[in-house]
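The structure displayed is predicted, hence computed values, not measured ones. Chain naming here is simple, since letters A, B, ... match the order of the sequence lines and numbering starts at 1 in each.
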Number of protein chains: 2
Amino acid sequence: MPAPLYLQIRETLIDRMARGEFRPGEALPSEFALAAELKVSQGTVRKALDTLANDNLVLRRQGRGTFVPETTVERALFRFFRLTGPEGESLIPQPLSEKVTRRTAPARIAERLGLADGAKVLRIRRVRALNGAPATLEDIWLDPAILPVRAEGALPNALYTHYQRSHGISVARAEDWLSAAAAPRKVEKALGCPAGTPVLMARRDAFDITGRKVETRESWFLTDGIGYAASLA
Amino acid sequence: MPAPLYLQIRETLIDRMARGEFRPGEALPSEFALAAELKVSQGTVRKALDTLANDNLVLRRQGRGTFVPETTVERALFRFFRLTGPEGESLIPQPLSEKVTRRTAPARIAERLGLADGAKVLRIRRVRALNGAPATLEDIWLDPAILPVRAEGALPNALYTHYQRSHGISVARAEDWLSAAAAPRKVEKALGCPAGTPVLMARRDAFDITGRKVETRESWFLTDGIGYAASLA
DNA sequence: TAGTGGTCTAGACCACGCA
DNA sequence: GCGTGGTCTAGACCACTAC
């Protein structure tokens, strides 16, 4: 039994976005144009576009068109940066330091990125401040075959924007796994907190629009008046 | 400008579910029956039902009908209990102890429940085990005017099932706010962990289908091989 | 004014569950 | 076999945007 037409069209459109035929910020063809091209009714195209809009894979604006989302700094920060104040106020992280290194993947990282044992990967280690004080240490691990981030030159605060602009990779979805731990030594040093301070530890896998894993990271957060907001529906 | 028809119908259906006209586990009238009753086309009713299904407020099953979701134990546990093993394996909490008390609301709780300062509330304090060891302490705060949970008799493991069966309240949505802390004394005592153990602290507000806040809770989790799973789309 | 997505309708046929 | 929701089509009109 074949998948419904509208789901086939959905996949077609995802493919075309992924291979860069429709680029971030650009409008897709109109519903009628797509319907004519794909030889289905406009209603079927609409249903496909609705499911994409629902997953934040396209942006529909009445009177204007259907757009491939741009990973703007604001979007990246609000959608994928979940640390807020106690009443849910957004916080804006301030970069303090960052360093890109090429190294052999630790076993757990190689596994999470689906690479062979001993593969070379890139690690971005960065420290950011919240409310003026150093509060986050992030180790971001990348497969250079997918995201060959260059070590030279400062990276922007919103990494996902950089992935899209410089490497054509749009992060569409992420899965976080949170636990509490005593700050490891590297966190103590980076954030200047006392030995054994309880910190929020987050493991994240991030995926592009085709569902491919493009990043894995390990982050540590000082949660003094700060928390990770999650919504369950 | 009035809201679109299908949204008005959505609200009508939510109202009717909330006032118990359609009960959990029961089927709603068919699309055609609703269309005839509400004097709109079947397609419009369908669109309303689709938005409800999308928010998990109804359950659609081809060939059978559209159902008001029952908060089964499984559903409550999988949807609103987010602690998993490192690979995302679900864990099933085992109740160890629980106590319901009536007391004056602490200021922060009164505020979160929208009650006057000094109002009387119910507190359920319970301890549960994961993987065989005590791992969670939960303080659940209720407005007795909404959820007059009785102190006598054991409560089921899945509280939200109890809210629905015994009080007609269906929890539809929750917002969690997570931070890390050194275990407070009550957590040390309840879970038997050493002083100062880092624990995951979760603040939750839970809402019914009409959007009314029906519960607030504060939980502490030992995260040894355990984490809180969150999905960002 | 022209073109876009948003709403609403009407009707056909399909896939599924059940008696 | 019948009733349900799921898919697909066709067409009308509205609301918003751009020119």
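For B/Thr44, the listed nucleotide lying nearest its side chain is C/dT9; candidates were D/dA10, C/dG6, C/dT9.
Classification of A/Lys47 and B/Asp50 as a salt-bridged pair fails, no side-chain N sitting under 4.0 Å from a carboxylate O.
Applying the side chain to side chain contact (heavy atoms under 4.5 Å, CB included) test between A/Leu159 and each of A/Glu98, A/Glu138, A/Arg217 identifies A/Arg217 as the sole match. When each of A/Arg204, A/Arg203, A/Arg112 is checked for a salt bridge (Lys or Arg N to Asp or Glu O under 4.0 Å) with A/Glu218, only A/Arg112 meets the rule.
The distance between atom CD of B/Gln42 and atom P of D/dC8, rounded to the nearest whole Å, is 15 Å. Distance NZ (B/Lys47) to C1' (C/dC8): 9 Å, rounded to an integer number of Å. Distance CD (A/Glu31) to C1' (C/dG6): 9 Å, rounded to an integer number of Å. Distance CD (B/Gln8) to C1' (C/dC8): 13 Å, rounded to an integer number of Å. Taking atom CD1 of residue B/Ile9 and atom P of nucleotide C/dC8, one finds them 8 Å apart after rounding to whole Å. When the P atom of C/dA12 is taken as reference, atom CZ of B/Phe32 falls 10 Å away, rounded to whole Å. At whole-Å resolution of the value, CZ in B/Arg60 and P in C/dC16 are 16 Å apart. Between B/Arg10 atom CZ and C/dT7 atom P there is a gap of 13 Å when expressed in whole angstrom units.
In this structure, A/Ser30 does not reach the C/dG3 phosphate: none of its side-chain N or O atoms is under 4.0 Å from OP1 or OP2. Contact between the side-chain N/O atoms of A/Arg61 and the OP1/OP2 oxygens of C/dT4 is not found at any separation under 4.0 Å. Between A/Ser41 and D/dA10 there is no side-chain polar atom (N or O) within less than 4.0 angstrom of OP1 or OP2.
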> When you look at A/Leu28 and A/Leu49, which way does the side chain to side chain contact (heavy atoms under 4.5 Å, CB included) test go after all the steps?
Replying inline: CA-CA 10 Å; A/Leu28 269 63; A/Leu49 290 173; 4.0 Å; yes
>> Apply ring pair (Phe, Tyr, Trp, His ring centres under 6.0 Å) to residues B/Tyr228 and B/Phe221 and explain how you reach the verdict.
In response: CA-CA 9 Å; B/Tyr228 179 104; B/Phe221 308 125; 7.4 Å; no
Look for any protein N or O under 3.5 Å of an N or O in nucleotides 17-19 of chain C and output each such pair with its distance, or none.
residue, atom, partner, partner atom, Å
C/dC18, OP1, B/Arg64, NE, 3.4

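Nucleic acid contact class of A/Tyr6 (heavy atoms, under 4.0 Å, all strands): sugar-phosphate only.
Remark: side-chain polar atoms of A/Asn56 are paired, donor with acceptor, to backbone N or O of B/Ala233 under 3.5 angstrom.
B/Asp205 and B/Thr216 are linked by a side-chain donor-acceptor pair at a separation below 3.5 angstrom, with hydrogens and angles left out of the test.
Counting atom types as modelled, B/Arg46 pairs a side-chain N or O with a base atom of D/dT7 as donor and acceptor under 3.5 Å.
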